[in-house]
Structures are given as structure tokens and as C-alpha cells.
Asks: 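Here you go, one structure.
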Amino acid sequence: MTAPVFVVDRFGPGRGGRFVLDGPEGRHAVSVKRLRTGEGVVLTDGAGHWAEGEVTGTEGKDRLLLDLREVREEPMPTPRITVVQALPKGDRGELAVETMTEVGVDAIVPWAAARCITQWKGERGARALAKWRATAREAGKQSRRVRFPEVDEPATGKRVAALLAEADFAAVLHESGMAPLAAADLPAEGEIVLVVGPEGGVSPEELALFEEAGAKPYRLGPSVLRTSTAGTAAAALLLGRTGRWS
């Protein structure tokens, strides 16, 4: 898809015909993108439902008039890739979410690992989570996705272990990993869960907990990546090896 993507709250399956895009998305389309009659757009609810449309006009500064085609649904990708992302410092968390969304990760789980300097507590944690979710939405639009990644509530180590136990393939990026992720035996479908630790690394206790849940440590490559880039690099490798990038 090359047409710009805009988000709507929802639309019923099969709906088409005249459609008015208003509110913040309409303002962005009319006043920022300056779309004109005859140009194409894509509307999506971010959950896989989408429709192509053609601009038929504008009203004021925030209403885009469209001739909307049939609403379709993009199938759920398989295998589904979830990245458990340890909380980085500063704005590197948003960077991680942005780039993982762009490459195609399906779900992101914030994780307050034992060695994380950043901790999400109270209102600060709620604001940080909202930033991650807003980043995923904007990156999804920018990368022309119609199914945006889910950004889950912050997880404890025990909850991460539960996710790993349910996965069809579970991996922890760790420098002690003897096996390269590039040579791992991956499932053709189901759920892949990948854990990315903090700058200080996954603690021995956490690694033992995750291994007990069925996850194995893997190395990504000869160089050491920052936590904000490791998930993106690993996800790209997995997307290529599973055929989702074919």
C-alpha cells in the first residue's frame, strides 16, 4: 500500500460509499497532508479492517470527503511475533516501539526487568505506557500497516515466564546463548515470543525462570546491540526466516 493511512474508530464489514473523515485525522488529512480531489487514501481501525477510498472534496479545515470502497479484513499473520521489551532509559523505549512496529512485530510487552534503571510507577508509568501506545499507532500509520501492534500492560517476570510457557517458540536474547537465533528451528505458525533484556542484561535469576518456562538463550550476532535496537534486529531476522517477508 502506498496511499496514506488514516485511523477511524470502526466501520462495519462491507460498508462503502460516502464517508467523512473528521476530527484530528480529518484535520491532518486536510490541513497537513493537503489531500485533494482524486487522491487515494486507506482507512483502518488498526485491528486489521481497512478500506481504500478516493477523495471527493473537503469541508473546512478538518473534514475530508471520501468515496469509500468495500471494507476488508487483513488475516492475522502467522507465526505471530511478540517481543517482551525491557524498559530502556529516556526516549529509547519509544524508539524501540517505533522501529519494531515498522518492521512488523505483532505485540509488544513492556517488562520491568530486575536490572532496568527505568521503572514505571503510578502516573509516570501510565504516561509512559500511553506514549508507547501512541508511538505504535503513529508508526503503524507511517509504515502503512492496517493491523497495529498491541502494546500490553507492563509485565512482571512471572507473567513473562507464563507467556514463554505458552509460546510455540520462546527465546531470550542473551550473550551466553550458544546457539545463534539465525539457526533456530522456527515454527511455521503459532506464537513466537522473544525476550529483550535491559542494558545490564537479564539477571541469572530471570534467565533461570525463563528457561524453566521453556525458553532458550540465543545470541543474535557477534556485536552487542542496545536494548532499544536488539528487538528490531531480531524481529527482522525472524520475519525473514519465517517467510513473512517473502
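Owing to the predicted nature of the structure, the values given are computational and were not obtained by experimental measurement.
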Asks: Supply the atom-to-atom distance L21 CG to H28 NE2, rounded to the nearest 0.5 angstrom.
Replies: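 Separation between the atoms: 10.5 Å.
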
Asks: Parallel, tilted or perpendicular: which one describes the rings of W120 and W132, with boundaries at 30° and 60°?
Replies: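 Judged by the thresholds at 30° and 60°, the geometry between W120 and W132 is perpendicular.
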
Asks: Are there more than 12 heavy atoms of other residues, nucleotides or ligands under 6.0 Å from atom CZ of R124?
Replies: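 12 or below, so no.
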
Asks: Looking at side-chain heavy atoms only, is the closest gap between V103 and L239 below 4.5 Å?
Replies: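 Yes, close enough: below the 4.5 Å cut-off.
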
Asks: F210 and V193: same hydrophobic cluster, using ILVMFWY side-chain contacts below 4.5 Å?
Replies: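 F210 and V193: one cluster.
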
Asks: Strictly below 4.0 Å, N to O, side chains only: are K158 and E206 in salt-bridge contact?
Replies: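 No, this pair does not count.
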
Asks: I'd like to know if E102 pairs up with R145 as an ion pair, taking the criterion as any Lys NZ or Arg NE/NH1/NH2 lying under 4.0 Å from an Asp or Glu carboxylate oxygen.
Replies: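 Looking at R145 together with E102, the answer is no, because their closest N to O distance does not fall below 4.0 Å.
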
Asks: Could you tell me the separation between the CG atom of L238 and the CG atom of L186, rounded to the nearest 0.5 Å?
Replies: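 Result: 6.0 Å between the selected atoms.
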
Asks: Just wondering, are more than 12 heavy atoms of other shown residues or ligands nearer than 6.0 Å to CD in E73?
Replies: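 Above 12, so yes.
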
Asks: Taking the side chain as C-beta and beyond, is there a heavy-atom pair between L225 and L220 under 4.5 Å?
Replies: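 A side-chain contact exists here, since the closest heavy-atom pair is under 4.5 Å.
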
Asks: How long is the span from the CD atom in E153 to the CZ atom in R159, to the nearest 0.5 Å?
Replies: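 Answer rounded to 0.5 Å: 8.5 Å.
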
Asks: Mind checking whether L66 and V55 have side chains closer than 4.5 Å, heavy atoms only?
Replies: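 With C-beta onward as the side chain, the pair touches.
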
Asks: Answer with yes or no whether the hydrophobic clustering places W111 together with L173; edges join I, L, V, M, F, W, Y residues whose side-chain heavy atoms lie under 4.5 Å apart.
Replies: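 W111 does not cluster with L173.
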
Asks: Where do E166 and E191 land on the side-chain contact (heavy atoms from CB on, under 4.5 Å) test, with the steps shown first?
Replies: CA-CA 8 Å; E166 295 173 357; E191 183 87 22; over 6 Å; no

Asks: Does the pair D45 and V7 meet the rule for a side-chain contact (heavy atoms from CB on, under 4.5 Å), with working shown?
Replies: CA-CA 5 Å; D45 61 0; V7 180; 5.9 Å; no

Asks: Any chain of hydrophobic side-chain contacts (each under 4.5 Å) joining V202 to I117?
Replies: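 No, V202 does not connect to I117 through the hydrophobic network.
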
Asks: If every non-hydrogen atom of Y218 is compared with every non-hydrogen atom of A184, which pair is closest and at what distance?
Replies: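 Closest approach of Y218 to A184: CE2-CB, 3.6 Å.
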
Asks: With side-chain contact (heavy atoms from CB on, under 4.5 Å) as the criterion, how do D91 and L95 come out once you've worked through the C-alpha distance, each side chain's angles and the decisive distance to 0.1 Å?
Replies: CA-CA 7 Å; D91 60 358; L95 173 64; over 6 Å; no

Asks: When you check the gap from the basic side-chain N to the acidic O, do E138 and K131 get nearer than 4.0 Å?
Replies: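 The answer is no: the pair does not qualify as a salt bridge.
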
Asks: Find the distance between CG (L207) and NZ (K216) and round it off to the nearest 0.5 Å.
Replies: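 Answer rounded to 0.5 Å: 13.5 Å.
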
Asks: Donor-acceptor pair, R63 side chain versus D22 backbone, under 3.5 Å?
Replies: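 Not confirmed, R63 side chain does not pair with D22 backbone.
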
Asks: Taking T227 as the fixed residue, which of R92, K89, Q85, E199 is the one that meets the side chain to side chain donor-acceptor pair (under 3.5 Å) rule?
Replies: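 Testing each of R92, K89, Q85, E199 against T227, the sole residue satisfying side chain to side chain donor-acceptor pair (under 3.5 Å) is Q85.
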
Asks: State whether the side chain of T56 and the backbone N or O of L65 hold a donor-acceptor pair below 3.5 Å, judged by distance alone.
Replies: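 Here the side-chain-to-backbone pair exists.
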
Asks: I'd like to know if V172 and L181 are part of one continuous hydrophobic network [Ile/Leu/Val/Met/Phe/Trp/Tyr, side-chain heavy atoms within less than 4.5 Å].
Replies: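 Different clusters.
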
Asks: For D67 and F19, what are the C-alpha separation, side-chain angles and deciding distance, and is it a side-chain contact (heavy atoms from CB on, under 4.5 Å)?
Replies: CA-CA 6 Å; D67 178 20; F19 190 93; over 6 Å; no

Asks: Any side-chain to backbone donor/acceptor pair from T44 onto G46? Under 3.5 Å, distance only.
Replies: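 Judged by distance alone, yes, a pair lies under 3.5 Å.
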
Asks: Look at the side chain of R241 and the backbone N and O of A182, then say whether any donor-acceptor pair between them is shorter than 3.5 Å.
Replies: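 Here the side-chain-to-backbone pair exists.
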
Asks: Do I192 and D168 come close enough that some side-chain heavy atom pair is under 4.5 Å?
Replies: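 In short, these two side chains do not touch, never coming nearer than 4.5 Å.
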
Asks: I want to check something: taking the side chain as every heavy atom from C-beta on, are L129 and V151 in contact at a cut-off of under 4.5 Å?
Replies: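 When only atoms from C-beta onward are counted, V151 and L129 do touch, with a gap below 4.5 Å.
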
Asks: Report yes if the side chains of R27 and V32 come closer than 4.5 Å at any heavy-atom pair, otherwise no.
Replies: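 Contact flag for R27/V32 side chains = no.
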
Asks: Report whether V97 and L163 are members of the same hydrophobic cluster (ILVMFWY, side-chain heavy atoms less than 4.5 Å apart, transitive linking).
Replies: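 No, because V97 and L163 fall into different hydrophobic clusters, even though each may have its own neighbours under 4.5 Å.
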
Asks: Tell me, yes or no, whether the heavy-atom count around E212 atom CD, taken from other residues, nucleotides or ligands under 6.0 Å, exceeds 12.
Replies: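 Count not over threshold, so no.
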
Asks: Looking at P198, is its backbone amide N or carbonyl O close enough to the side chain of R115 to form a donor-acceptor pair, meaning the two atoms are under 3.5 Å apart?
Replies: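 No: the side chain of R115 does not pair with the backbone of P198.
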
Asks: Compare all side-chain heavy atoms of W50 with those of E74 and state whether any distance is below 4.5 angstrom.
Replies: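 Answer yes - side chains close enough.
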
Asks: Tell me whether D106 contacts the main-chain N or O of P149 through its side chain, where contact means a donor paired with an acceptor under 3.5 Å.
Replies: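 No.
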
Asks: Calculate, to the nearest 0.5 Å, the distance between atoms OG and CE belonging to S228 and M100 respectively.
Replies: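 Separation between the atoms: 9.5 Å.
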
Asks: So, do L64 and V20 sit near enough that their side-chain heavy atoms are less than 4.5 Å apart?
Replies: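 The answer is no; the side chains never approach within 4.5 Å.
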
